[in-house]
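Please read these numbers as outputs of a predicted model, since none were measured by experiment. Quick note on labels: first sequence line is chain A, next is B, and so on, each numbered from 1. Side chains are part of it too, since the values below use all heavy atoms of this structure and drop only hydrogens, waters and symmetry mates.
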Number of protein chains: 2
Amino acid sequence: MTYCVAIAVDAGLVFCSDSRTNAGIDQVSTYSKMHRFGVDGQRQFVILSAGNLGTSQATIARVKRDIKDRAIQSLLTVETMSEAADYLGAISRAEQEKHAKRAGGFGASFIIGGQIAGKKHRIMLVYAEGNHITSSHDTPYLQIGESKYGKPILDRILTRDLNLDTCALCALVSMDSTMRSNLSVGPPIEILVYRTDSLVQETPLRFEEGSEFLREVKRSWDQKLKDAFRQMPPFAWAASWDKSKDKAVNQDEDND
Amino acid sequence: MTYCVAIAVDAGLVFCSDSRTNAGIDQVSTYSKMHRFGVDGQRQFVILSAGNLGTSQATIARVKRDIKDRAIQSLLTVETMSEAADYLGAISRAEQEKHAKRAGGFGASFIIGGQIAGKKHRIMLVYAEGNHITSSHDTPYLQIGESKYGKPILDRILTRDLNLDTCALCALVSMDSTMRSNLSVGPPIEILVYRTDSLVQETPLRFEEGSEFLREVKRSWDQKLKDAFRQMPPFAWAASWDKSKDKAVNQDEDND
């Protein structure tokens, strides 16, 4: 399994991905799911991938080859992020269709984000079907892979005006919640922060299995959540609550 | 969609369920998913249901009919909670098979919990396939339906020695996280607390849409999570972290 999240705020973009892939619990490997492409000063892209590893590797390989071969269409020629997402989706579909006749389960999804000079920085989610969506003002993030465990904290914290350090920390906390609940999502964790209009290729920070910062995030978040829970209004209050509103009901069970 | 959770600790059992069912977003209805059966002083059962509403209603109807008709096997005759779960699973399978030849999607899952005099109080999850699992010392809860959003808080808080009020509050916070992330899970929320060895049928507390306690739980948890996040170690610390451990890497991207 995989978990990747990308965040788009006014200040820039944050990308975060785990590096564990598995095909059954006895075939666990480490692959980076974060790929960077671009020309400094002109355009920068980051792609995160989830799903079938064969499909995602073949797709990324093709994206690189198109750049190297100066193909008519490549990440160096697309004029908008939306066109980049369409291009990525078309390659992914083509790779899946090579095998889909013989068996199923070749789906892969991608997040592509970045900036082309003179345009807005954006993130797009490319579905296995090849189509795509972007983030919005109210939902400034996109997720692929095992997304549910880490979603609540993103929903509560993220707003467009946050600084990039806060967004990066939020992505790490979201990753931590996911790792706690799904063993097949795990370190190394890579995180890349892109500042709006910088147009330079950033180097991802990489947190290994024994990372002290990762352990500190885990320990600290666990403790703070427990403290937060202890400060909640007691349930006893509810049990003695105004009976006219939240009343104990003698349930009428006659649905037969 | 549905979310139900049951918790089993030394002090007793807590059952919590939402009451929203939907078949498409324009056909949203309210049905209780909590059903109680028992004879005071002898045995008490609570059943929570998720999945196909036709199957779960037919299953519950059959459970009631077997009690009324004094059938050879019913919740009044089973000798263990495990036998009760097997009985429930067999009915559920039979109901599904009535329709499964014509179409799919009739699956339903159940949690049954309670106590039979002289035996331990227990909770069991009955899968759509009819088999079942129980909770454990390390994982003192079971969930059915939309379970992922609300799982992290259960994993962090629940231990066998907690009091029932704390467990009930934890179930509500778990429900709150689920409702925030999945619109098709919603009030009324029912919660029932059973005290070990009481063997009396308890009345569920029911929190309606406008419930002040539910709103207070929501507001308070949201605020406390945000406060907790603000107190986390800053990400800037990671970015300047000991390079020998969590180092910024120049990623080698040659997987083609």
Evaluate the criterion side chain to side chain contact (heavy atoms under 4.5 Å, CB included) for residue pair Leu205(A) and Phe235(B); output intermediate values, then yes/no. CA-CA 11 Å; Leu205(A) 267 176; Phe235(B) 184 73; 3.7 Å; yes

Once side chain to side chain contact (heavy atoms under 4.5 Å, CB included) is applied, do any residues pair with Asp155(B), and if so which ones, sequence neighbours excluded?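 With neighbours one apart ignored, the set is Arg180(A), Ser181(A), Tyr141(B), Lys151(B).
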
Rounded to the nearest 0.5 Å, what separation is found between the NZ atom of Lys226(B) and the CD1 atom of Ile157(A)?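 One finds 6.5 Å between NZ of Lys226(B) and CD1 of Ile157(A).
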
Quick one: pull up OG in Ser220(B) and CZ in Phe229(A) and give me the separation to the nearest 0.5 Å.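 One finds 10.5 Å between OG of Ser220(B) and CZ of Phe229(A).
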
Arg156(A) and Trp221(B): CA distance, side-chain angles, deciding distance, side chain to side chain contact (heavy atoms under 4.5 Å, CB included) verdict: CA-CA 10 Å; Arg156(A) 288 183 206 269; Trp221(B) 186 237; 3.7 Å; yes

If I measure from the heavy atoms of chain A, does Leu172(B) come under 4.5 Å with its side chain, its backbone, both, or neither?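 Answer is side chain: those atoms of Leu172(B) sit under 4.5 Å from chain A.
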
Please classify the contact of Thr166(B) with chain A as side chain, backbone, both or neither, using a heavy-atom distance under 4.5 Å.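 For Thr166(B), backbone and side chain are both near chain A.
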
Tell me whether Arg195(A) at atom CZ has more than 12 heavy atoms from other residues, nucleotides or ligands lying less than 6.0 Å away.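 12 or below, so no.
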
What verdict does the side chain to side chain contact (heavy atoms under 4.5 Å, CB included) test give for Leu225(A) and Leu225(B), after you've listed the backbone C-alpha separation in whole Å, the side-chain angles of each residue and the deciding distance to 0.1 Å? CA-CA 7 Å; Leu225(A) 273 191; Leu225(B) 273 191; 2.8 Å; yes

Counting heavy-atom pairs under 4.5 Å to chain A, which of [options] comes out on top?
{"options": "Lys148(B), Gln223(B), Arg230(B)", "value": "Lys148(B)"}
{"options": "Lys224(B), Arg62(B), Glu216(B)", "value": "Lys224(B)"}
{"options": "Pro234(B), Cys170(B), Pro188(B), Cys167(B)", "value": "Cys170(B)"}

Please name the pair of heavy atoms, one in Val217(B) and one in Met232(A), separated by the smallest distance, quoted to 0.1 Å.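 For Val217(B) versus Met232(A), the nearest heavy atoms are O-CE, 3.5 Å.
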
Closest heavy-atom pair and its distance - Phe213(B), Pro233(A):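 Minimum heavy-atom contact is CZ-O, 4.4 Å.
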
